[in-house]
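Each chain gets a letter, A, B and so on, in the order its sequence line appears, and its residues count up from 1.
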2 protein chains.
Amino acid sequence: MPGDPADRQDPIEHCRRVLRAAGVRVTHQRLEVFREVLHSRSHPDAESVFRGVRDRLPTVSLDTVYRTLWLLNDLGLITTLGFPHERHRFDGNTRPHHHFVCTRCGLTGDFYSEELDGLAVAEAVSEFGVADRTQVEVRGLCRSCLEGKDGARRKEGE
Amino acid sequence: MPGDPADRQDPIEHCRRVLRAAGVRVTHQRLEVFREVLHSRSHPDAESVFRGVRDRLPTVSLDTVYRTLWLLNDLGLITTLGFPHERHRFDGNTRPHHHFVCTRCGLTGDFYSEELDGLAVAEAVSEFGVADRTQVEVRGLCRSCLEGKDGARRKEGE
DNA sequence: CTACATGCAAAGGGTTTGCACGACA
DNA sequence: TGTCGTGCAAACCCTTTGCATGTAG
């Protein structure tokens with residue numbers, strides 16, 4: 001899907017191509033939403049993207065921004081922080097641990113690795129601030145999503 | 001705060017102690033919410049915690065569960081997946097990268113590390129499924145939160 | 001006994017959806 | 001020109017808040 005040298009240099013063209021390949025239309029709104037997320041360096045929320053896009057497309061609506069963001073996410077053109085469409089979730093595990101997250105169903109499991117606990121990243125993040133806790137998030141597909149092709153959402157089951 | 005050998009063996013007792021130390025009351029509801037999150041292996045949302053607690057405290061209400069979860073979070077007894085009170089946020093950076101997250105204001109910045117990109121975690125997560133993408137999340141305090149003591153929320157500012 | 005926490009219900013805010021108009025292919 | 005996408009507004013759902021009652025200390 002990616003790797004096209006021309007697309008690397010022109011992400012907008014890449015976006016056009018992916019949209020076309022997916023059989024959906026290439027609209028100004030979609031390109032502008034993509035451009036906005038691409039150029040934002042702050043991991044914006046929908047409202048923020050909306051404000052940015054509205055400067056160039058004054059008639060754009062917030063719900064179109066939402067629809068477009070999820071479309072771009074589904075097509076792999078952008079990603080989300082955390083898990084899509086997810087509500088707040090809590091973690092009672094106070095041992096140092098890391099997370100495996102299934103990108104299809106949202107299953108999140110803990111795993112342990114002393115090697116990962118001791119990751120040295122202090123320098124890499126020094127431009128932002130001071131590190132307190134380092135956690136590795138591995139995204140992938142869980143076993144049941146690998147087998148069954150059911151796109152079923154995760155059912156909370158303890 | 002932690003490290004007490006007795007508390008390691010009895011988290012509930014640890015919870016009691018932290019609540020008292022914080023000058024808030026030790027109620028059945030708080031202990032049961034804590035117990036529920038502690039024993040859940042699925043990173044439950046508030047609704048799920050509510051259902052679990054209700055089995056033992058039939059009169060408990062959902063809003064008490066919410067209030068208690070955030071209290072326990074603020075006291076460091078539990079944590080959240082993702083960033084507390086946060087709405088959906090999007091990421092247009094398709095290069096392999098990692099995140100620095102300020103636990104006070106929510107500022108989230110990208111940083112790069114080829115060493116981290118190549119982390120070998122396949123075995124550790126094999127019990128859950130197949131890894132696709134590995135991302136490191138470093139939590140800490142950003143520069144402005146280190147200096148200014150303002151607990152101000154982040155303003156979306158591109 | 002007194003202040004704090006709870007339960008209830010209603011409000012709040014972010015996100016999604018139904019429908020008629022408008023624009024891409 | 002036909003179909004898909006958009007804008008509008010209302011609905012939806014998760015989460016928070018105000019207030020009277022109950023309860024820990």
Going by the angle between their ring planes, with limits at 30° and 60°, are A:H43 and B:H99 parallel, tilted or perpendicular?
perpendicular
Closest nucleotide of DNA chain D for B:T27 versus for A:R30: which of these residues is on the 5' side?
A:R30
Nearest-angstrom distance from the residue atom CG of A:L31 to P of C:dC24:
10 Å
Please determine if a side-chain N or O atom of B:H85 lies less than 4.0 Å away from the OP1 or OP2 oxygen of C:dG14.
no
Compare side-chain N and O positions of A:H28 against OP1 and OP2 of C:dC24 and report whether any pair is under 4.0 Å apart.
yes
Are A:L119 and B:L119 close enough that some pair of their side-chain heavy atoms sits under 4.5 Å apart?
yes
So, B:R56 and B:E36, do they make that salt bridge, N to O below 4.0 Å?
yes
Taking A:D45 first and then B:R89, would you say they form a salt bridge - that is, a charged N and a carboxylate O separated by under 4.0 Å?
no
For the pair made of CZ in B:R54 and P in C:dT6, what is the distance, rounded to whole Å?
17 Å
Could you state the CG-C1' distance from B:L57 to D:dG22, rounded to the nearest angstrom?
14 Å
Side chain of A:V60 (C-beta onward), nearest among D:dC4, D:dA24, D:dG7
D:dG7
Checking C:dA25, D:dG25, D:dG7 against the side chain of A:T64 (C-beta onward), the nearest is D:dG7
If you check every side-chain atom of A:Q29, which of D:dA24, D:dT6, C:dC8 has the closest atom?
D:dT6
Within the structure shown, what part of the strands sits under 4.0 Å from A:R67 by heavy-atom distance: base, sugar-phosphate, or nothing?
base
Side-chain N or O of A:S61 versus OP1/OP2 of D:dT6: is the shortest distance under 4.0 Å?
no
Nearest to the side chain of A:L62, which nucleotide is it out of C:dG7, D:dG25, C:dT15?
C:dT15
Using whole Å, report how far CG of B:L72 lies from C1' of C:dA5.
14 Å
A:L19 CG to D:dG5 C1': how many Å, rounded?
12 Å
Is there any protein nitrogen or oxygen under 3.5 Å from a nitrogen or oxygen in nucleotides 9-14 of chain D, and what are the pairs?
none

Hey, which of A:V33, A:L71, A:T68, A:L69 is the one that makes side chain to side chain contact (heavy atoms under 4.5 Å, CB included) with A:I78?
A:L69
Taking only the side-chain nitrogens and oxygens of A:W70, find out if one of them lies under 4.0 Å from OP1 or OP2 of C:dT15.
no
Separation of C:dC4 atom P from B:R20 atom CZ, nearest Å, is 18 Å
Please check if the side chain of A:R30 supplies one atom and the backbone of A:V24 the other of a donor-acceptor pair under 3.5 Å.
no
Separation of A:L71 atom CG from C:dT16 atom P, in whole Å?
13 Å
Measure from CZ on B:R89 to C1' on C:dG14 and round the result to the nearest Å.
15 Å
Note: A:C145 and A:R104 closest approach over all heavy atoms is SG-CD, 3.6 Å
For A:E114, does the CD atom sit with more than 12 other heavy atoms under 6.0 Å from it, leaving out its own atoms?
no
